[in-house]
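Worksheet for the structure shown next.
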Amino acid sequence: MTMTETMAPYAKPLPAPDRNTAPFWEACKEHELRAQRCSACGRYRWPPQGACPACYSWGGEWVKLPETGKVASFVVVHYVSLPVFAEDVPYTVAQITIDGTDEHVMLTSNVIDIPWEEVKVGMAVRLVWDDVTPEVTLPKFRPV
Ligand SMILES: [Zn+2]
């Protein structure tokens, strides 16, 4: 692209970070997958939230996670709910359990670079960063 060309604005819905999820999205922008871990019991806390769902402690830290996981569940989207997704259907929306988190960190994302017919529950996947705007990076996954 030359300097005189302009990119169309990104039209798909973007994350709306809040007090709990902003650190996750900031880490994604730096191409780091992070989740909260309870300071009291060590359990990973997902989705991000104030208190630990296991021991109800408030303390926690944001720790870097492995970039590998497994497909826990998925659906294949064929219906165009928003016109901006018309060129994408059919596409896969999956729940990905991140390795090393005792399956407590489960991201909702896309499995890409594979025909939807070949996606399987239990499939090993690796994270791929998708810089959709200068401010927003989405974690997506492809088969290992
Ligand atoms: Zn805890």
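Sequential numbering from 1 along the given sequence is applied to the chain's residues. Remember, it's 1-based here, ligands and their atoms both numbered in the order they're listed. Just so it is clear, the model here is predicted, and its values are computed rather than measured.
- Excluding water, every protein N/O/S atom under 2.8 Å from the Zn ion (ligand 1) is given here by residue and atom: C38 SG, C41 SG, C52 SG, C55 SG.
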Salt bridge (Lys or Arg N to Asp or Glu O under 4.0 Å) evaluation trace for D131 with K29: CA-CA 8 Å; D131 298 311; K29 204 161 80 177; over 6 Å; no
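- Of the N and O atoms on the side chains of T92 and N110, not one donor lies less than 3.5 Å from an acceptor on the other residue.
- Without hydrogens or angle criteria, T133 side chain to E135 main chain gives a donor-acceptor distance under 3.5 Å.
- Using a 4.0 Å cut-off between charged nitrogen and carboxylate oxygen, R43 and D102 do not count as a salt-bridge pair.
- E32 contributes no side-chain N or O that, together with a main-chain N or O of E30, makes up a donor-acceptor pair within less than 3.5 Å.
- Side-chain atoms of W62 do not come within 3.5 Å of backbone N or O of Q36 as any donor-acceptor pair.
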